[in-house]
J.: 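The structure under discussion is supplied below as structure tokens; questions concerning it will follow.
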2 protein chains.
Amino acid sequence: MESVSTPEVAAGAMTPRQLARERTKRELLSVARRHLREVGPAALSLRAIARECGLVSSAVYRYFESRDALLTVLILEAYDDLGVHAEAAERLVDRGDLGQRFARTAQEMRAWALKNPHQYALIYGSPVPGYAAPQITVPSAARVGTVLFGILGDAYASGVRPLVTPALREAGGAVSQLQRDYCPEIPEPVVALGVESWVRLHGAISFEVFGQFNQMVASPGDLYAFIIDEELARLGFGGGAESDGGTP
Amino acid sequence: MESVSTPEVAAGAMTPRQLARERTKRELLSVARRHLREVGPAALSLRAIARECGLVSSAVYRYFESRDALLTVLILEAYDDLGVHAEAAERLVDRGDLGQRFARTAQEMRAWALKNPHQYALIYGSPVPGYAAPQITVPSAARVGTVLFGILGDAYASGVRPLVTPALREAGGAVSQLQRDYCPEIPEPVVALGVESWVRLHGAISFEVFGQFNQMVASPGDLYAFIIDEELARLGFGGGAESDGGTP
DNA sequence: ACCATTGAGAGAGCACCGCTCTCTCAATAC
DNA sequence: GTATTGAGAGAGCGGTGCTCTCTCAATGGT
């Protein structure tokens, strides 16, 4: 239950060979994880990982079918790690405080991305050329989203009704599959609203992580805080909405 | 005035050698452009480009200092191409119709990205590991932004005053450098508002281009249209804002 | 017109990459 | 005790970016 790809129950009854295999695989993954953290997905070298583990490159193929298979494991881990952090952060908030639950989750997403930029790039950056994410990653990928949409669901259940414009109603049709699969208890337009929040948060996070703000935004944290603030207002969670006219 | 890196005035007085050099460089870039379009930035191979031009790999170094230098040229071209398209699209709209000018620009950004996904990834995707964009790219990179902020400037000049919350005023400080450099005629909070629109549009575009919507959003165009609609309302350009309570 | 210089391109080579195939040899199963 | 399995090594293939040396024609100066 500890590592993603530990084959069986990790029981005590294991032959020395199985045990050694386990140990080697764990070490390979650990080194791979560190390399990913240091050089990023594109520069991740199977040979370099093997070298550091005292193995020759061909030996790695006893453990991973290909470089892509290794990447898949790292992707799974990244999704799950982000999910775990988001879940943990959200759990600390009073269940009734919907705005704070949303805000804390969003803040944790950004914090995780900044602490793990290469992992973030791996799962939310431009796709690796030859690589297509296998279906196995879907549940892990959905994990963070589940937290956010869980909050939206609770909000809807407790009577929160965000503003729905005709254009939003139109956009609702685009997310019907998502709504069916993940949050059938919320009407489509509200799901669309949530997807939009999702998109916006990641827009801000990826711009910051990928350096698009470099000579442009001095303190992305402030901007992000404002974005969250606006999302809260838009979703009907209550947030700063009073105007002062916009004069400098 | 035609190609980005044509050294001189492209005048008629050129020795055969200079002419041949020009021609070869143009051909290299043309092939590189096509390869970029086909395989993406990560898989762009200097050797493959040389091969197709009937050259050996080392000969390419007479024209480009390194693969990164070639990438830089392609980045410049991508920024400029996006800028040209945005400018052209915006110019077709009645100057007084601020909302339509903004909407058309935003639509054109998405259209360009969908038509040139690899170019989009090159300039807005996860950064290439060893590569750091040189300062030369800044003006070209600013080009699209200039269109959007030009509209914001015109709007502000004609009396449009978007809603400014305290949190937005706070966020304004984060963009003071950008405001000084590019749009000193607009107050900081409004600039921050514009940056946010910028971030959101790119959030939606990159999610669509990078495939994050694959099993999630059926028609990203509808969602994008709604996002634009919301931006218009938020920026004070007039847009759908009437509510119907959000019941399904 | 001749000669020295310049520069485009070829070629070999270096270190790296992912991946495949064969071989060895110890741990395992019978 | 023997046959089988499987982890790892090693060589090798074709690919990459990049460097260095060499050739040789176009060029510029006298």
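What you see below is based on every heavy atom in this structure, not just the backbone, and it leaves out hydrogens, waters and symmetry mates. Below, read A as the first sequence line, B as the second, and so on, with proteins coming before strands; counting in each chain starts at 1. Predicted model only: the values in this text are computed from it and were never measured.
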J.: Look at A/Arg17 and C/dT28 and indicate whether a side-chain polar atom (N or O) is within less than 4.0 Å of OP1 or OP2.
T.: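 Result: no.
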
J.: Do the ring planes of A/Tyr120 and A/Phe210 sit parallel (below 30°), tilted (30 to 60°) or perpendicular (above 60°)?
T.: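 Answer is tilted, since the angle falls between 30° and 60°.
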
J.: Can you give each donor-acceptor pair under 3.5 Å made by side-chain atoms of residues 141-149 of chain B, sequence neighbours left out, with the distance rounded to 0.1 Å?
T.:
from: B/Arg143; atom 1: NE; to: B/Glu87; atom 2: OE2; distance (Å): 2.8
from: B/Arg143; atom 1: NH1; to: B/Asp80; atom 2: OD1; distance (Å): 3.0
from: B/Arg143; atom 1: NH2; to: B/Glu87; atom 2: OE1; distance (Å): 3.1
from: B/Thr146; atom 1: OG1; to: B/Ala142; atom 2: O; distance (Å): 2.8

J.: In whole Å, what is the span from the CG atom of A/Leu71 to the C1' atom of C/dG18?
T.: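 To the nearest whole Å, that distance equals 12 Å.
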
J.: With a non-hydrogen cut-off below 4.0 angstrom, is A/Ser57 in contact with a base, only sugar-phosphate, or nothing?
T.: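 Contact class for A/Ser57: base.
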
J.: For A/Ala78 versus A/Trp112, what's the shortest heavy-atom pair and its separation?
T.: O-CZ2, 3.6 Å

J.: For a quick check of understanding: with a heavy-atom distance under 4.0 Å over all strands, which category does A/Arg47 fall into, base, sugar-phosphate or nothing?
T.: base

J.: Which nucleotide span of DNA chain D, 5' end to 3' end, has atoms closer than 4.0 Å to non-hydrogen atoms of chain A?
T.: D/dT5 to D/dG12

J.: Side-chain polar contacts of residues 215-223 of chain A - donor-acceptor pairs under 3.5 angstrom, sequence neighbours left out - could you list them?
T.:
from: A/Ser219; atom 1: OG; to: A/Asp222; atom 2: OD2; distance (Å): 3.1

J.: Nearest nucleotide by nearest heavy atom, which residue falls closer to the 5' end of DNA chain D, A/Ala59 or B/Leu44?
T.: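 Between the two, 5'-proximity favours A/Ala59.
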
J.: Go nucleotide by nucleotide along DNA chain D from the 5' end; which of B/Arg62 and B/Leu46 gets its closest nucleotide reached first?
T.: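 Going by which nucleotide is closer to the 5' end, it is B/Leu46.
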
J.: Please report the distance, rounded to the nearest Å, between CG in A/Leu55 and P in C/dG18.
T.: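 Those two atoms, CG and P, are 14 Å apart.
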
J.: Test B/Leu28 against every option in B/Val60, B/Leu46, B/Leu70, B/Val73 by the side chain to side chain contact (heavy atoms under 4.5 Å, CB included) rule and name the one that passes.
T.: B/Val60

J.: Between A/Phe213 and A/Phe207, what is the ring plane arrangement, given parallel below 30°, perpendicular above 60°, and tilted in between?
T.: perpendicular

J.: Using a 4.0 Å heavy-atom cut-off across all strands, classify A/Ser58 as base, sugar-phosphate, or nothing.
T.: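 Base contact.
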
J.: May I have the distance from A/Asp68 (atom CG) to C/dG18 (atom P), rounded to whole angstrom?
T.: 11 Å

